[in-house]
There are 2 protein chains.
Amino acid sequence: MPDRRSRRRQETIDEILAIAVQVMTEDGVTGLSVAEVARRLGVRPPSLYKYFPSLVAIYDEIYRRGAQEHLAIMRDAMELSQPGLPALTAGLEASGRWLLANRAVAQLLFWRPVPSFEPSAEAFAPSVEMVALQRAALRDAVDAKQLGREADSDQAVFVVATFIAGVITLAMANEPDLEWGEGRFTPAFPTLMSMLPALYPPTRAKSRARG
Amino acid sequence: MPDRRSRRRQETIDEILAIAVQVMTEDGVTGLSVAEVARRLGVRPPSLYKYFPSLVAIYDEIYRRGAQEHLAIMRDAMELSQPGLPALTAGLEASGRWLLANRAVAQLLFWRPVPSFEPSAEAFAPSVEMVALQRAALRDAVDAKQLGREADSDQAVFVVATFIAGVITLAMANEPDLEWGEGRFTPAFPTLMSMLPALYPPTRAKSRARG
DNA sequence: GTCTATAGCCTGATAGAC
DNA sequence: GTCTATCAGGCTATAGAC
């Protein structure tokens, strides 16, 4: 029941989270503090405890929303492309674009830089579905004979994960001010993806080899 | 002139750095503090300032020694292998093995998790030489006709950098307790390297095409 | 929901005795 | 080179008035 009171409250929560991400961006993920968020919001620290019970709770909500949005971005991009390799490539590109545009959240999601913070199981769930989506796209690619049968495997998921993780890692470390598509690393991603058929050569014609 | 006094001093410095790395390993890179190192060393915080002028100076020395050791490890592995692709693969494997065995230092070297810390130019130097070594190995690979001419390029360095960065990133994020060669990601590295000839196909026989 | 006030911790760093 | 003492500040979180 979103009456005026609770809507106002929701807006405050959103603003707190936006400021928190900004602080993480400027001062590093571990540089986030309740005090600094309060300062920027123009209130005193105790007021924030009406919205979040602890600093870790803020981290967890940023993680949860980030994982959710990241998954949605990738899924949408995949659905707009042809099934199989095109969808996989488009999905990972969209993922990379989002991660570079949301670097602080990306670090929180994948680098675990805050030892005292472990994401809750609920917050972690989207990561599991991302793997499933990639696995399904590889299966489609095999069905469409874009790739060989060995590509319908966890191992193949790891290979494409290596491509995107490598590109993102290098871009974040060495090109902190560039977005996806700029610089020396991210433009190489399509090239890397184009290597997949060489790694998993599609079988020719024979649809039912080896019974 | 290493008399007894300065040798003892050097041992203390080494011990401080070893403890500091241990703290970073347990509490995260940003969890390092002068107070905690002093506690574990069994002295009071002010005593450490006789050895390092500031907390940042400790970070910088860990960075400097780490970069140096990392470079030496890679160079040694390359020199023990056949020039070209084998040396490149062996060097990057040795690099990966060292990074996974020295995760906290690896994070300091490549992730810049401490916003207030920027490595000094001197401390950064080994990174430049690592790129040069990889570039030279690619040139050897071209000369030995293991790869095509396009592999003698910065772009090819970025590609192999992507392979190793991707593998290391995934291993560090998802398999915090496994070393190189274990788990799902690092064993895929040789497979990735074996894709290079497909990406940069060696020219056959014709050594002087297109004068 | 906001505030003041405060408890109770932590930190980096310095001065100066020994 | 070690210490005590201390400065000056940061932080999370809570109690309780308004």
Side-chain angles (χ1 to χ4, degrees), chain A residues 1-24 26-63 108 113-118, chain B residues 1-24 26-63 104 108 113-118 120:
Chain A
M1 39 194 78
D3 58 2
R4 243 186 47 246
R5 219 190 339 245
S6 73
R7 201 171 17 178
R8 179 74 182 85
R9 180 181 167 81
Q10 194 52 56
E11 286 170 10
T12 303
I13 289 177
D14 293 345
E15 194 174 358
I16 289 171
L17 293 173
I19 292 174
V21 169
Q22 186 59 34
V23 172
M24 283 167 52
E26 294 174 20
D27 301 339
V29 174
T30 58
L32 177 62
S33 74
V34 175
E36 180 61 24
V37 174
R39 216 169 287 131
R40 299 190 187 200
L41 188 60
V43 300
R44 303 290 170 180
S47 302
L48 291 192
Y49 286 84
K50 296 290 177 183
Y51 301 93
F52 292 94
S54 71
L55 173 63
V56 168
I58 298 180
Y59 275 124
D60 203 62
E61 182 63 7
I62 292 173
Y63 184 106
L108 184 65
V114 190
S116 61
F117 165 67
E118 280 289 314
Chain B
M1 43 192 74
D3 58 1
R4 242 187 47 246
R5 213 179 354 233
S6 73
R7 198 170 22 179
R8 179 73 181 87
R9 181 180 165 80
Q10 193 53 56
E11 285 171 8
T12 303
I13 288 177
D14 293 345
E15 195 174 357
I16 289 170
L17 293 173
I19 291 173
V21 169
Q22 186 59 35
V23 172
M24 283 167 52
E26 293 175 21
D27 301 339
V29 174
T30 58
L32 178 62
S33 74
V34 175
E36 181 61 24
V37 174
R39 215 169 286 130
R40 298 189 187 199
L41 189 59
V43 300
R44 303 293 169 177
S47 302
L48 290 192
Y49 286 83
K50 296 291 179 185
Y51 300 94
F52 291 95
S54 71
L55 174 62
V56 169
I58 298 179
Y59 275 123
D60 202 63
E61 182 64 8
I62 292 172
Y63 185 105
L108 184 65
V114 190
S116 61
F117 165 67
E118 280 290 312
S120 63

### Query
If you measure from the Lys or Arg side-chain nitrogens to the Asp or Glu carboxylate oxygens, is any gap between A/Arg40 and A/Glu26 under 4.0 Å?
yes
### Query
Between A/Glu11 and A/Arg7, does at least one N-O distance fall below 4.0 Å, as a salt bridge requires?
no
## Note on the structure
Picking from C/dT14, C/dC3, D/dG1, the nucleotide nearest the side-chain atoms of B/Tyr51 would be D/dG1
### Message
Please report the distance, rounded to the nearest Å, between CG in A/Leu48 and P in C/dT4.
### Response
14 Å
### Message
Please report the interatomic distance CG(B/Leu108) to CG(B/Leu32), rounded to the nearest 0.5 Å.
### Response
9.0 Å
### Query
For B/Glu15 and D/dG1, what is the distance between atoms CD and P respectively, to the nearest whole Å?
13 Å
### Query
Can you tell me how far P of C/dT11 sits from CD1 of B/Ile58, to the nearest Å?
13 Å
### Query
Which part of the nucleic acid, if any, lies within contact of B/Pro46, taking any heavy atom under 4.0 Å across all strands shown: a base, the sugar-phosphate backbone alone, or nothing?
base
### Task
Take the protein atom CZ of B/Arg44 and the nucleotide atom P of D/dT6, then report the distance between them rounded to whole Å.
15 Å
### Query
What is the distance from CD of B/Glu36 to P of C/dG12, rounded to the nearest Å?
10 Å
### Message
Counting only heavy atoms not in A/Arg9 (residues, nucleotides, ligands), do more than 12 fall under 6.0 Å from its CZ?
### Response
yes
### Message
So if I take every side-chain heavy atom of B/Tyr49 and compare against D/dT12, C/dC3, C/dT14, which nucleotide ends up nearest?
### Response
C/dT14
### Query
Between atom CG in B/Leu41 and atom C1' in D/dC3, what is the gap in whole Å?
14 Å
### Touch class at under 4.0 angstrom, heavy-atom based, for B/Phe52 against every strand present
nothing
### Task
Would you indicate, yes or no, if C/dG1 has its OP1 or OP2 atom less than 4.0 angstrom from a side-chain nitrogen or oxygen of A/Ser47?
no
### Query
Quick one: which of C/dA13, D/dC11, D/dT2 gets closest to the side chain of B/Leu55?
C/dA13
### Query
Can you tell which of D/dT12, D/dC3, C/dT2 lies closest to the side chain of A/Lys50?
C/dT2
